[in-house]
Amino acid sequence: MTSDMDTLENNPLLQPAGLPQFDVITPEHVVPAVRHCIAAAEKELADIEQNASPTWDGVMQPLEELDQPFEQAWGPVGHLLSVQNSPEIRAAHEEVLQDVVNFGLRVGQSQPIYKSLKAIKEGDAWNSLTETQQRIVDDKLLNAELAGVGLQGEALEKFNQIARELSKLATDCSNHVLDATKACSLTITDAADTEGWPDSLKQLTAQSHNQAKDEGAPEATPEAGPWRVTLDGPIVQPFLQHSRNRQQREQVYRAYTTRASSGELDNTDIINRTLKLRKQKAALLGYKNFAELSLAKKMAPSVEAVLKLSEELRVASYDNAVQDLEDLKELAAASGQTEKLMHW
């Protein structure tokens, strides 16, 4: 009988170093690995808090070591959720998501660590740090402040509730887009509609058909089809570029640009709720809006500076963009296009 310790030792998400072993990671590995990392990190964090001293080696080095095993386990999970999504990986991700968020808040809101970092910043040791080290300490301090380290009581409780909900909303939104992408496809059976396609597109769409075909249906080939056009990037982009069937291009383009905007997968309510929560989060941290909060960690000095730069770019590029559009219209007309030039 395999013990829990044996299972953890063989868990590819708990490897100490190296690249993730994506070929052997399964959804069953996720929950035990992540919870093991969190439990171990909780103990290490408590030790750091108890023994933290206002020096680089006394606080920054232990924090770096605290992050590494956790990132090694959690990072690949998020990647698999994006590129190899399945009900099983979703369920595993959802089961530990709030644990991960809670631990992140726990680290970011640690008063002993924050006080040690402030002591480094304000103490004699500051001038002995390299410019890079100073930048890292400043970044850690800012991260803690943006994580709510300065909040107390009801404000802190509200902030944490918002952080947890925003994390779930982001995952739900991504899942809706992914499901909407998978739900739509166009099957092409007439070889004339594939005129101008590169061989790679024919191969991908034939393979896509074979992966989705009903049991007993004939096998598709790149030469004879059928060809299944999906909204996945490697297919939809070359299809819109090379397809000579205007009606089919419009159908695929409209489906692609309106993903997760209607029906059960509609992200409208999620987006509206996210915007509302972001505004509340920004207010709790003392910012006028979420744009200001977002810029706190970016190079742009203010929202006004971003808008000013955007307008300068618009003015500088507008005439050239108009000329590009006219050139496209002329090219379309010279190629025999008689209908109005459209996005697709």
- Item | Value rounded to 0.5 Å, distance of CG in Asn289 from OH in Tyr287 | 11.0 Å
- Test item: Phe239 and Val236 side chains (from C-beta on) under 4.5 Å apart, heavy atoms: no
- Residue pair Glu195 / Asn245, side-chain donor-acceptor N/O under 3.5 Å: no
- Can you find a pair of side-chain heavy atoms, one from Asp99 and one from Val34, that are under 4.5 Å apart? no
- Task: Considering non-hydrogen atoms only, spot the tightest contact between Gly108 and Val149 and give its length.
- Result: O-CB, 3.7 Å
- For Lys168, which of Leu166, Thr171, Asp172 qualifies under side-chain contact (heavy atoms from CB on, under 4.5 Å)? Asp172
- More than 12 non-hydrogen atoms from neighbouring residues, nucleotides or ligands closer than 6.0 Å to CG on Leu313, yes or no? yes
- Message: Between Glu250 and Arg254 (salt bridge meaning N to carboxylate O under 4.0 Å), is one present in this structure?
- Response: yes
- Task: Please say whether the positively charged group of Arg259, taken as NZ for Lys or CZ for Arg, lies over the ring of Tyr256, i.e. under 6.0 angstrom from the six-membered ring centre and within 45 degrees of the axis.
- Result: yes
- Message: Parallel, tilted or perpendicular: which one describes the rings of His79 and Phe22, with boundaries at 30° and 60°?
- Response: tilted
- Would you check if there is a donor-acceptor pair between the side chains of Asp232 and Thr230 at a distance under 3.5 Å? yes
- Message: When you compare the side chains of Asn102 and Gln98, does any donor N or O come within less than 3.5 Å of an acceptor on the partner?
- Response: no
- For the residue pair Glu145 and Tyr114, confirm or rule out a side-chain donor-acceptor distance under 3.5 Å. yes
- Item | Mutual orientation of the aromatic rings belonging to Tyr253 and His343 [parallel < 30°, tilted 30-60°, perpendicular > 60°] | parallel
- Task: Check whether any side-chain heavy atom of Asp139 sits under 4.5 Å from a side-chain heavy atom of Lys297, and report yes or no.
- Result: yes
- Does a side-chain heavy-atom distance below 4.5 Å link Glu122 with Lys118? yes
- Message: For a quick check under 3.5 Å, do Asp179 and Asn175 share a side-chain donor-acceptor pair by atom type?
- Response: no
- Task: List the atom of Pro54, the atom of Ala119, and the distance in Å for their closest heavy-atom pair.
- Result: CB-CB, 3.4 Å
- Query: Going through the distances and angles, do Leu285 and Phe159 end up as a side chain to side chain contact (heavy atoms under 4.5 Å, CB included)?
  - Reply: CA-CA 9 Å; Leu285 294 175; Phe159 180 90; 3.8 Å; yes
- Minimum side-chain heavy-atom gap Ser86-Ile89 below 4.5 Å: yes
- Message: If we count only N and O atoms by modelled type, under 3.5 Å, do the side chains of Gln161 and Glu165 hold a donor and an acceptor together?
- Response: no
- Query: Do NZ/NE/NH1/NH2 and the carboxylate oxygens of Arg314 and Glu311 come within less than 4.0 Å?
  - Reply: yes
- Task: Kindly indicate whether the side chain of Phe70, heavy atoms from C-beta on, has any atom under 4.5 Å from the side chain of Val100.
- Result: yes
- Message: Would you compute the distance between atom NZ of Lys329 and atom CG of Asp324 and round it to the nearest 0.5 angstrom?
- Response: 12.5 Å
- Task: Calculate, to the nearest 0.5 Å, the distance between atoms OG and NZ belonging to Ser208 and Lys213 respectively.
- Result: 12.5 Å
- Nearest 0.5 Å, what's the NZ-OG1 distance between Lys276 and Thr274? 12.0 Å
- Query: In terms of heavy-atom contacts, does CZ of Arg246 have more than 12 from other residues, nucleotides or ligands at under 6.0 Å?
  - Reply: yes
- Query: Taking atom types as modelled, is there a side-chain donor on Thr26 or Glu28 under 3.5 Å from an acceptor on the other?
  - Reply: yes
- Query: Any side-chain donor paired with an acceptor under 3.5 Å for Asn85 and Lys182?
  - Reply: no
- Task: Give the cluster check for Val306 versus Leu309: same hydrophobic cluster or not, with ILVMFWY residues linked at side-chain heavy-atom distances below 4.5 Å.
- Result: no
- Message: Tell me whether Leu66 shares a hydrophobic cluster with Leu14, the cluster being built from Ile, Leu, Val, Met, Phe, Trp, Tyr side chains joined at under 4.5 Å.
- Response: no
- Message: Quick one: does any side-chain atom of Asn267 pair with a main-chain N or O of Ser261 as donor and acceptor, under 3.5 Å?
- Response: no
- Ionic contact status for Arg90 with Glu94, cut-off 4.0 Å: no
- Pair Arg106 + Glu49: basic N to acidic O under 4.0 Å: yes
- Flag, side chain of Glu292 to backbone of Lys288, donor-acceptor distance under 3.5 Å: yes
- Same apolar cluster (I L V M F W Y, side chains within < 4.5 Å links), Ile25/Val77: yes
- Lys/Arg N to Asp/Glu carboxylate O, Glu223 vs Lys202, below 4.0 Å: no
- Message: Assess the residue pair Trp74 and Cys37 against the criterion (side chain to side chain contact (heavy atoms under 4.5 Å, CB included)); give the C-alpha distance rounded to whole Å, side-chain angles, the decisive distance to 0.1 Å, and a yes or no.
- Response: CA-CA 9 Å; Trp74 184 240; Cys37 283; over 6 Å; no
- Task: Using a 4.5 Å cut-off on heavy atoms from C-beta on, say whether the side chain of Leu97 contacts that of Val101.
- Result: yes
- Message: Does Asp327 form a side chain to side chain donor-acceptor pair (under 3.5 Å) with Gln323? I'd like the steps, not just the answer.
- Response: CA-CA 6 Å; Asp327 292 344; Gln323 184 59 52; 2.9 Å; yes
- Item | side chain to side chain contact (heavy atoms under 4.5 Å, CB included) evaluation trace for Lys115 with Gln111 | CA-CA 6 Å; Lys115 290 177 181 178; Gln111 289 292 336; 4.0 Å; yes
- Query: Any side-chain donor paired with an acceptor under 3.5 Å for His29 and Asn11?
  - Reply: no
- Measuring from Ser335:OG to Leu328:CG, what's the distance to the nearest 0.5 Å? 10.5 Å
- Item | Audit row: Arg273, Asp269, side chain to side chain contact (heavy atoms under 4.5 Å, CB included) steps and yes/no | CA-CA 6 Å; Arg273 179 62 176 166; Asp269 289 343; over 6 Å; no
- Rounded to the nearest 0.5 Å, how far apart are CD of Gln21 and CG of Leu13? 9.0 Å
- Message: If you apply the rule side chain to side chain donor-acceptor pair (under 3.5 Å), what do you find for Thr268 with Asp266, and how did you get there?
- Response: CA-CA 6 Å; Thr268 301; Asp266 190 353; 2.7 Å; yes
- Are there more than 12 heavy atoms of other residues, nucleotides or ligands under 6.0 Å from atom CD of Gln84? no
- Query: Run the side chain to side chain donor-acceptor pair (under 3.5 Å) check on Gln207 and Gln203 step by step: do they pass?
  - Reply: CA-CA 6 Å; Gln207 181 182 1; Gln203 293 171 356; over 6 Å; no
- Where is the tightest heavy-atom contact between Gln109 and Ala147, given as atom of each residue plus distance? NE2-O, 2.8 Å
- Item | Ile48 reachable from Ile136 in the ILVMFWY side-chain graph, under 4.5 Å edges | yes
- Taking all non-hydrogen atoms of both residues into account, name the closest pair between Leu146 and Lys281 and its distance. O-CE, 4.4 Å
- Of the non-hydrogen atoms in Arg244 and Arg249, which two are nearest, and what is the gap between them? C-NH1, 3.6 Å
- Under a 4.5 Å cut-off applied to non-hydrogen side-chain atoms, are Ile113 and Leu45 in contact? yes
- Query: Can you hop from Leu169 to Leu105 via hydrophobic side chains spaced under 4.5 Å?
  - Reply: yes
- Would you call Lys308 and Glu312 a salt bridge, using N to O less than 4.0 angstrom? yes
- Message: So which atom in Trp126 and which in Asp138 form the shortest heavy-atom distance, rounded to 0.1 Å?
- Response: CH2-OD1, 3.7 Å
